[in-house]
Amino acid sequence: MLTRGANMWRARKVSGLRSWLTSGPEYPRVVPPTGSALGWATGLAVGCLASAIYWRLHDEQFSSENGEHEDIPLLEQFGLPDAGLHIRRYSGHAVSFNQARRTPRWVAEHITSSSITGPANRKNMKFKADPSIQPLFSAFNEDYLGSGWSRGHMAPAANYKNSQDAMRETFFLSNIVPQNNENNSGFWNRLEIYCRSLCSRFDDVWIISGPLNLPWKIDGKDCVHHYMIGKSDVAVPTHLFKVVLTGRSGGGSLCLGAFLVPNAPIGYQQKLADFQVSLSELEYKTGISFFPKLQRGSWQDLCSVDGCHLMNFHEMECYIAGKKLAATRSVSELDSIMQRLVEKGVEPHNGLLTKYKTRKEELVQRIQK
DNA sequence: CGGACTTCTTCA
DNA sequence: TGAAGAAGTCCG
């Protein structure tokens, strides 16, 4: 299968190259030696199948581009460099991908109470390389596994409960950055939950998320550098940012908050407001204009209007326990979840107790049948 | 909710 | 027989 994939890749690559070569006029061109192309392809063993898919998807582009030959300036005779800066649109989110870092540059979302509600779930969801990204510039699961860094969603899966397809697309590695595990399941998770909670108080919520590397001091001088993981050299960010914009369908002023969060464990003693920055500061540091059609200063501060309160320890423990209860399939398992909660010193609130009782009844009934 | 890791099953 | 998918287990 692997060999077939490599051959397919080579066939597509060479065929695309050939049509491109024959289209041009008078200049001699260098043809890459077949051997080296093959060696390269086999070297990228994990990516070869994805390569085949990629080139198949893009074959039409190749063939359409070599038809008409108009007056092309000599400057552009061989095309201008392509850094992959175009915006990639998916069912529920949009991505600007950074081909040098193998991570998104930013990921944009618009969520509502209906988009975050539904039957879609993470069952059998698997992270995978984005088939629309050229393998040379793509991240792969192998880069993350055993790296010490978890695969952190930028557009969270849970924002797409209304569509299994939209949720599946959030598992493309074009939506993923290397994230500290504790941060991912902890503070960042609570921030994502807070963003979803905004849907109950606002009609529309727009969210832009992405990675950022802030400078470190080296010999007293500011220096930006980053770790790289895996064979694809996936860049590890020092920080993650999130810009949140809320609106009401009836009109009224918009609310905006921008946050810059270290890619490291963050405890419950820290508040979300501790990581709030001005939009212009974040734009300065990222080089990104986040809502270019939004009039500057036309919004209210989100944290002043809505509080920006993340779940505290007790609330979060109960929330997670509630999710685990729903997935439980035996009464003993059910009880152990509740017992571990008490061992942590967490007194279950009434809502959780209700969930426990109803789930227990369901399971007992199922056993009796 | 957010993950990692292991094992079993399916299929070409 | 190996790869991919499904399912199970563990953790915060």
Side-chain angles (χ1 to χ4, degrees), chain A residues 1-6 8 45-50 52-53 107 109 111 115-129 131 140-161 164 167-168 170-171 173 175-200 207 209 229-230 236 240 242 261 263-268 270 272 310-330 332-334 336-337 339-341 343-346 351-352 355:
Chain A
M1 195 58 194
L2 215 59
T3 314
R4 199 195 309 166
M8 283 171 71
V46 287
C48 60
L49 184 59
I53 297 166
V107 176
E109 306 171 79
I111 62 172
S115 77
I116 63 170
T117 310
N121 60 72
R122 295 172 64 116
K123 195 183 174 194
N124 296 331
M125 287 289 174
K126 287 177 75 175
F127 293 98
K128 61 177 281 189
F140 297 90
N141 282 327
E142 289 79 0
D143 299 319
Y144 284 88
L145 299 182
S147 71
W149 298 89
S150 67
R151 292 166 288 191
H153 281 77
M154 290 297 93
N159 284 7
Y160 302 93
K161 298 281 285 182
Q164 199 72 54
M167 184 182 286
R168 187 172 293 109
T170 68
F171 283 80
L173 295 180
N175 181 47
I176 302 297
V177 304
Q179 188 172 5
N180 172 272
N181 211 334
E182 195 176 326
N183 180 286
N184 196 358
S185 62
F187 188 90
W188 193 256
N189 188 14
R190 287 187 285 141
L191 173 53
E192 291 172 342
I193 293 168
Y194 171 71
C195 289
R196 281 192 290 279
S197 79
L198 290 168
C199 292
S200 67
I207 306 166
S209 312
I229 59 171
V236 179
L240 304 174
K242 203 178 268 292
V261 180
N263 187 10
I266 299 172
Y268 284 93
Q270 305 237 55
L272 177 55
L310 302 186
M311 284 188 188
N312 61 33
F313 174 74
H314 180 270
E315 292 166 335
M316 189 63 178
E317 287 295 324
C318 289
Y319 176 83
I320 291 172
K323 297 295 178 185
K324 287 179 178 173
L325 290 182
T328 304
R329 280 173 303 171
S330 74
S332 62
E333 207 180 331
L334 206 66
S336 77
I337 288 170
Q339 188 176 341
R340 267 186 286 177
L341 205 60
E343 283 167 4
K344 284 184 182 178
V346 177
L352 185 61
K355 277 186 184 176

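All figures in this text were calculated on a predicted structure; none of them were measured in a lab. So you know, we letter chains A, B, ... as the sequences are listed, proteins then strands, and number each from 1.
- If you check every strand for non-hydrogen atoms under 4.0 Å, A/Asn184 touches sugar and phosphate atoms only.
- One atom, CE of A/Met125, and another, P of C/dG8, lie 17 Å apart when rounded to the nearest Å.
- We find that CG of A/Asn159 is positioned 8 Å from P of B/dG2, with the value rounded to whole Å.
- Looking at A/Asn183, its side chain never comes within 3.5 Å of a backbone N or O of A/Asn180 through a donor-acceptor pair.
- With DNA chain C read from its 5' end, the first of the two nearest nucleotides for A/Lys123 and A/Arg340 is the one closest to A/Lys123.
- A side-chain N or O of A/Lys242 and one of A/Ser209 form a donor-acceptor pair less than 3.5 Å apart.
- Distance from the side chain of A/Phe127 is smallest for B/dG3 among the nucleotides B/dG3, B/dC5, B/dG2.
- With no hydrogens or angles considered, a side-chain donor-acceptor pair links A/Ser150 and A/Asn184 at under 3.5 Å.
- Atom-to-atom, NZ of A/Lys324 to C1' of C/dG8 comes out at 15 Å; the value is rounded to the nearest Å.
- The residue A/Ile193 sits apart from the nucleic acid: no heavy atom pair falls under 4.0 Å.
- Regarding A/Glu343, its CD atom lies at a distance of 12 Å from the P atom of C/dC11, rounded to whole Å.
- In this structure, A/Gly152 reaches the sugar-phosphate backbone alone: every heavy-atom distance under 4.0 Å involves primed, P, OP1 or OP2 atoms, never a base.
- Summarising the geometry, the separation between NZ on A/Lys323 and C1' on B/dG3 is reported as 16 Å, rounded to the nearest angstrom.
- In this pair, A/His153 and A/Phe127 present their aromatic rings tilted. The plane angle is within the 30 to 60° band.
- Residue-level contact check: A/Glu192 touches the backbone only, with heavy atoms under 4.0 Å from sugar-phosphate atoms and none from bases.
- A cation-pi arrangement is absent between A/Arg151 and A/Phe171 under the rule of less than 6.0 angstrom and at most 45 degrees off the ring axis.
- Dashed line: the shortest gap from a side-chain N or O of A/His153 to OP1 or OP2 of B/dC1 is not under 4.0 Å.
- Dashed line: the shortest gap from a side-chain N or O of A/Arg329 to OP1 or OP2 of C/dA7 is not under 4.0 Å.
- Among A/Gln339, A/Glu317, A/His314, the one residue that satisfies the side chain to side chain donor-acceptor pair (under 3.5 Å) test with A/Lys344 is A/Glu317.
- We find that CG of A/Asn121 is positioned 13 Å from C1' of C/dA7, with the value rounded to whole Å.
- Atom CD1 of A/Ile266 is separated from atom P of B/dG2 by 17 Å (rounded to the nearest Å).
- OP1 and OP2 of C/dA4 both lie 4.0 Å or more from every side-chain N or O belonging to A/Lys126.
- Dashed line: the shortest gap from a side-chain N or O of A/Arg151 to OP1 or OP2 of B/dG3 is not under 4.0 Å.
- Of the candidate nucleotides B/dC1, B/dC5, C/dA6, B/dC1 has the atom nearest to the side chain of A/Arg196.
- Between the NZ atom of A/Lys355 and the P atom of B/dC1 there is a distance of 10 Å, rounded to whole Å.
- Mapped onto DNA chain B by nearest heavy atom, A/Asn181 and A/Lys161 fall at different nucleotides, with A/Lys161 at the one closer to the 5' end.
- In the set B/dG2, C/dG12, C/dT9, B/dG2 carries the atom at the smallest distance from any side-chain atom of A/Ala157.
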